[in-house]
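Everything on this sheet refers to the single structure shown next.
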Amino acid sequence: LAERKVTVACNERGRFGVKVFSNQFMGGSHPTSATRYANFDTRTGAGIGLEDVIVQGKERAMKEAAIAAYATRKDVGAVADVKISPDSFPEATSALICGDSLVLQYDVVALGPHRMIGSEIVVPKTALKGILR
């Protein structure tokens, strides 16, 4: 069984975002699934990545904002006491760059010691002033 589902995740003036969910089950004990986002400039059709919207030199501040948003999640529990360094925190695999928040999607395997955080972190754009263009 293999499936791919593409849904519109955001449609706003100047930006269009899609969520791509893939799932495969080949008969083993666990399926393999992944979610990725893709963003486009509606005026040019060009793809927009996270690197296109972060002010140059603010990458560490972006990671700090993601870690702060993670710490407020209700599913974190006692893990919120774990000190997470921006230096060891992975880059997002993809992001939904629309609306009033930034949805960061991570590769679960790349999260390594931070695996308990799940694969998405939602950062309110109000927390990203001076970080996003």
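Small disclaimer: the values here were computed from a predicted structure and weren't measured.
Residue-environment remark: NZ (Lys125) exceeds the threshold of 12 foreign heavy atoms within 6.0 Å. Residue Arg133 places its CZ atom among more than 12 non-hydrogen atoms of other residues, nucleotides or ligands, all under 6.0 Å distant. The number of heavy atoms from other shown groups lying within 6.0 Å of CG (Asp87) is above 12. The 12-atom threshold is not exceeded at CD of Gln56, counting heavy atoms of other residues, nucleotides or ligands nearer than 6.0 Å.
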Set out, in order, the CA-CA distance, both residues' side-chain angles and the distance that settles side-chain contact (heavy atoms from CB on, under 4.5 Å) for Arg15 and Ile48, then state yes or no.
CA-CA 9 Å; Arg15 291 213 177 124; Ile48 302 170; 3.7 Å; yes
Assess whether side-chain contact (heavy atoms from CB on, under 4.5 Å) is satisfied between Lys5 and Thr7, documenting all intermediate values.
CA-CA 7 Å; Lys5 183 177 180 180; Thr7 56; 3.8 Å; yes
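Linking ILVMFWY side-chain heavy atoms closer than 4.5 Å, directly or via other members, places Val53 and Val18 in two distinct hydrophobic clusters. In this structure, Ile67 is a member of the same hydrophobic cluster as Ile54, with clusters built from ILVMFWY side-chain heavy atoms closer than 4.5 Å. Hydrophobic clustering, with ILVMFWY side chains joined whenever heavy atoms are under 4.5 angstrom apart, groups Tyr70 together with Leu128.
For the atom pair CG of Asp52 and CD1 of Ile97, the computed distance is 7.0 Å after rounding to the nearest 0.5 Å. Within the model, atoms CG of Leu104 and OG1 of Thr93 stand 10.0 Å from one another, a figure rounded to the nearest 0.5 Å. Taking CG of Leu96 as the reference point, atom OG1 of Thr35 lies at 11.5 Å (rounded to 0.5 Å). We find the NZ-CD distance between Lys63 and Glu91 to be 4.0 Å, quoted to the nearest 0.5 Å. Residue Arg60 holds its CZ atom at 5.5 Å from OG of Ser85, rounded to the nearest 0.5 Å. Atom CG in Asn23 sits 5.0 Å away from atom CD in Glu3 (nearest 0.5 Å).
Closest non-hydrogen pair, Val55 versus Gly130, comes out as CG2-O, 3.9 Å. Across every non-hydrogen atom of Glu12 and Cys98, the tightest pair is OE2-CA, 3.7 Å. When all heavy atoms are compared, the tightest approach of Pro86 to Glu64 is CG-CG, 3.6 Å. A pairwise comparison of heavy atoms in Pro124 and Val122 identifies CD-O, 3.8 Å as the closest pair. Residues Ala69 and Ile121 come closest through the heavy atom pair CB-CG2, 3.9 Å. Contact detail for Cys10 and Gly99: the closest heavy-atom pair is SG-N, 4.1 Å.
With contacts defined as side-chain heavy-atom distances shorter than 4.5 Å, the pair Val6/Arg4 qualifies.
In summary, the aromatic rings of Tyr106 and Phe89 are positioned with their centroids under 6.0 Å apart.
The aromatic rings of Phe16 and Phe40 lie tilted to each other, with the angle between the two planes from 30° to 60°.
For the residue pair Tyr37 and Glu120, a side-chain donor N or O sits within less than 3.5 Å of a side-chain acceptor on the partner.
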